[in-house]
2 protein chains.
Amino acid sequence: MKSPGPKLASRALITQGRVQSRRKVTLKDVAARLGVSHTTVSNAYIRPNQLSAALRERIFSVALELGYTGPDPAAKQLATGRAGAIGFLFSEELPYAFTDPAIVSVLQGVAESCTRRASDLALISTGDNLRDREAPVSLGHAAVDGYILYSMAPDNRCAIMAQQQNVPLIVIDQPRLDNVSFVGIDDCAAAGQAAQNLLDLGHRRFGILSLKTAHDDYSGPLTPQRRANIAHSTIAMRLEGYRSTLQAAGIDPDRVPCWEISVNSEEAGAEGARQLLAAPERPTAILAMSDRVAIGAMQAVRDAKLRIPEDISVFGFDDIPAAETSGLSTIRQPHIQKGIEAARLLLLKEARQNVILDTQVVTRASTGPAPK
Amino acid sequence: MKSPGPKLASRALITQGRVQSRRKVTLKDVAARLGVSHTTVSNAYIRPNQLSAALRERIFSVALELGYTGPDPAAKQLATGRAGAIGFLFSEELPYAFTDPAIVSVLQGVAESCTRRASDLALISTGDNLRDREAPVSLGHAAVDGYILYSMAPDNRCAIMAQQQNVPLIVIDQPRLDNVSFVGIDDCAAAGQAAQNLLDLGHRRFGILSLKTAHDDYSGPLTPQRRANIAHSTIAMRLEGYRSTLQAAGIDPDRVPCWEISVNSEEAGAEGARQLLAAPERPTAILAMSDRVAIGAMQAVRDAKLRIPEDISVFGFDDIPAAETSGLSTIRQPHIQKGIEAARLLLLKEARQNVILDTQVVTRASTGPAPK
DNA sequence: TTGTACGCGTTATCAA
DNA sequence: TTGATAACGCGTACAA
């Protein structure tokens with residue numbers, strides 16, 4: 001590299017017997033080629049009015065010729081402190097974000113706000129990270145200006161670390177944090193409406209399908225002990241909504257069978273429903289904490305040669321797109337809006353605030369009057 | 001900052017009359033606090049066996065106390081040249097990635113490979129970027145180790161720039177690039193199978209619903225001129241597959257009505273179907289280039305009081321989840337596998353290769369014997 | 001096992 | 001309008 005001279009960018013250097021990919025083209029190369037300082041080249045990209053239009057043109061044309069594709073993002077970020085991207089943090093495995101219709105909708109909303117604000121979006125999976133206590137947790141490798149924490153357990157170490165770090169934070173659904181903006185719904189009231197809707201239809205024998213309450217992979221009856229130690233507040237709130245509403249109607253919630261499933265999927269919902277149906281006093285109404293679980297439950301009910309809603313009513317939670325095609329009665333929550341609001345709050349650096357969005361009861365063919 | 005001394009991380013500095021958010025905690029702060037060099041702290045994170053376990057423990061505990069959350073990603077990347085993330089580049093608006101079931105599935109596959117290789121995933125929308133020719137295009141702000149180009153037009157400036165840059169690249173679907181690995185399907189053969197399937201059912205009068213062929217927002221009959229200048233090779237291939245198969249069966253493809261729609265959506269598919277149905281010789285079979293379009297078309301057919309498949313057969317392309325619930329016959333392509341393969345090739349830095357995945361004809365209730 | 005010195009590519013400050 | 005110089009935070013030979 002002693003005499004650079006005119007050099008085409010598409011060349012690879014052969015050095016010391018092995019092919020070495022060419023050195024990255026930098027600001028400096030462009031500057032050297034033109035005989036100007038590298039500051040001037042930088043200005044050409046960032047402050048167009050700090051130099052003559054003619055020079056700017058020449059700079060861009062040389063850049064093109066040399067294969068310079070603009071300031072290196074990492075270097076730029078190191079110098080400015082800004083990343084131009086936000087991180088979406090969640091505790092499931094990465095692919096899950098594209099499997100669960102509810103998250104996909106939230107992400108759609110986040111993406112809308114990102115587009116409007118010219119920000120990129122990085123998806124970061126943290127995992128449960130409760131084991132490996134010794135390994136220092138990192139918030140992914142991603143360089144971002146702030147994080148959206150999506151429905152994470154309060155004891156998730158990444159969530160804790162995110163708070164320690166001095167970056168902007170927004171929480172969706174959970175956990176509730178001091179000094180951190182929150183976007184969510186009133187889970188307790190919404191679940192209560194679901195239960196009330198079935199009560200109004202005359203149902204008295206209920207079964208509940210709960211989502212996971214702890215970090216184990218437990219699947220089985222929700223014991224009182226487990227109920228007292230629910231890690232996710234949304235789950236706790238929904239359960240509380242179901243129970244208090246039933247109790248107000250004179251039903252002892254402790255005698256309502258409740259099956260906890262370890263993963264939010266149709267299969268798990270079907271399994272849970274089979275368990276509830278096998279109870280001595282078969283329920284006439286099933287309250288499920290998610291639509292996916294509810295849809296699985298519907299399938300299990302039909303497989304058991306029972307009719308919906310004549311024999312059994314099923315009520316979901318979420319109103320994902322599949323709920324409509326399945327004819328599932330459910331609680332609609334504004335997933336997209338959640339994402340829009342969260343990203344907006346984050347990107348606009350709004351002051352701390354709680355945004356509680358409205359939910360809505362949606363009745364379809366999966367619920368009907370209690371039998372007999 | 002003359003005498004740092006013991007300083008709590010949760011303090012904010014008040015300087016020159018205004019609140020200034022505290023300086024970021026760095027490796028150096030942790031090192032200074034312990035009286036060791038910053039290299040040692042760095043080693044604690046990167047090379048655990050380069051220092052005593054006891055010291056490592058002390059370092060982590062001081063880090064926790066000071067609120068140090070690990071090496072700054074930007075600085076780390078600048079120093080190592082690695083980002084720990086890959087970029088997924090596509091030309092629609094960012095939210096579209098969560099709207100289109102096909103992309104969502106591809107992303108699920110990408111995410112699976114990312115998880116396995118401990119890489120993050122950044123979504124980057126480039127837009128059509130054909131206007132604004134003067135503004136220097138950038139590949140988003142994201143700092144990534146490589147890009148997956150998803151179904152982009154060959155003349156997309158970001159795609160061109162990505163090639164100039166010296167970063168690893170993988171293309172899904174299009175464009176075919178020299179020296180760049182490719183993951184996709186045989187669109188021509190697959191489309192041909194769709195057409196053949198309908199021919200075998202006795203159909204002779206066809207209508208085609210084409211996806212957009214150019215960068216305008218044109219919606220209308222696909223003129224011969226437009227057909228000769230299709231920007232997206234997948235579209236061109238599918239059309240060629242339809243046409244050549246029909247021609248081989250003695251049908252003049254130039255006389256087969258073909259309606260081009262500008263956006264891949266159910267609504268646009270419905271509108272296109274209405275146009276085809278209004279033709280003097282109403283088709284008995286509609287070939288749609290995507291399931292979303294096909295599902296919209298099915299709705300339009302039913303709205304026109306025509307029966308599926310007795311009066312009209314509809315054949316889709318993609319086999320998205322909704323195709324099954326809609327009973328749509330279609331071409332199944334392995335979306336998830338596409339993503340898995342592309343990310344795997346990228347992360348493993350495999351040598352250039354073409355991966356052509358298998359497709360499959362899936363017949364459901366939307367197709368049947370030709371009427372009469 | 002620990003520390004010194006330098007480089008990574010850019011932006012920002014300030015003087016020319 | 002342009003250019004020299006100093007950060008930005010970290011990784012890593014190399015030396016101690």
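All values below were derived from every heavy atom in this structure, side-chain atoms included, with hydrogens, water molecules and symmetry-related copies excluded. Just so we're on the same page: letters track the sequence lines, and every chain starts at 1.
- For B:Lys76, the salt bridge (Lys or Arg N to Asp or Glu O under 4.0 Å) test picks out no residue, with sequence neighbours left out.
- Under the rule for a side-chain contact (heavy atoms from CB on, under 4.5 Å), the partners of A:Pro95 that lie at least two apart in sequence or sit in another chain are A:Glu93, B:Gln108, B:Ala111, B:Glu112, B:Thr115.
- Not counting sequence neighbours, B:Thr39 has no partner by the side-chain hydrogen bond (donor to acceptor under 3.5 Å, both in side chains) test.
- When the ring pair (Phe, Tyr, Trp, His ring centres under 6.0 Å) test is applied to B:Phe98, no partner is found at least two apart in sequence or on another chain.
- Between the axis at the start and the axis at the end of the helix from C:dT1-D:dA16 to C:dA16-D:dT1 there is an angle of 30°, using five pairs per end and rounding to 10 degrees.
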Tabulate atom names and distances for all N/O pairs under 3.5 angstrom spanning the protein and nucleotides 14-16 of chain D.
none

In residues 342-350 of chain A, what donor-acceptor pairs under 3.5 Å come from side-chain atoms, sequence neighbours left out?
| from | atom 1 | to | atom 2 | distance (Å) |
| --- | --- | --- | --- | --- |
| A:Arg344 | NH2 | A:Glu341 | OE1 | 2.9 |
| A:Glu350 | OE1 | A:Gln353 | NE2 | 3.4 |

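- Shown here are the side-chain contact (heavy atoms from CB on, under 4.5 Å) partners of A:Ala31, two or more places apart in sequence or in another chain: A:Val36, A:His38, A:Val41.
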Per-nucleotide protein contact along nucleotides 10-16 of chain C, 5' to 3', at a 4.0 Å heavy-atom cut-off (B base, S sugar-phosphate only, - neither), is BBB----
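- Every residue two or more places apart in sequence or in another chain that forms a side-chain contact (heavy atoms from CB on, under 4.5 Å) with A:Gln174 is listed here: A:Ser151, A:His232, A:Ser233, A:Thr234.
- Residues satisfying the salt bridge (Lys or Arg N to Asp or Glu O under 4.0 Å) criterion with A:Asp145, sequence neighbours excluded, are absent altogether.
- The phosphate of D:dT2 (OP1 or OP2) has no side-chain N or O of A:Thr40 nearer than 4.0 angstrom.
- Contacts of A:Arg82 classified as side-chain hydrogen bond (donor to acceptor under 3.5 Å, both in side chains), with partners at least two apart in sequence or in another chain: none.
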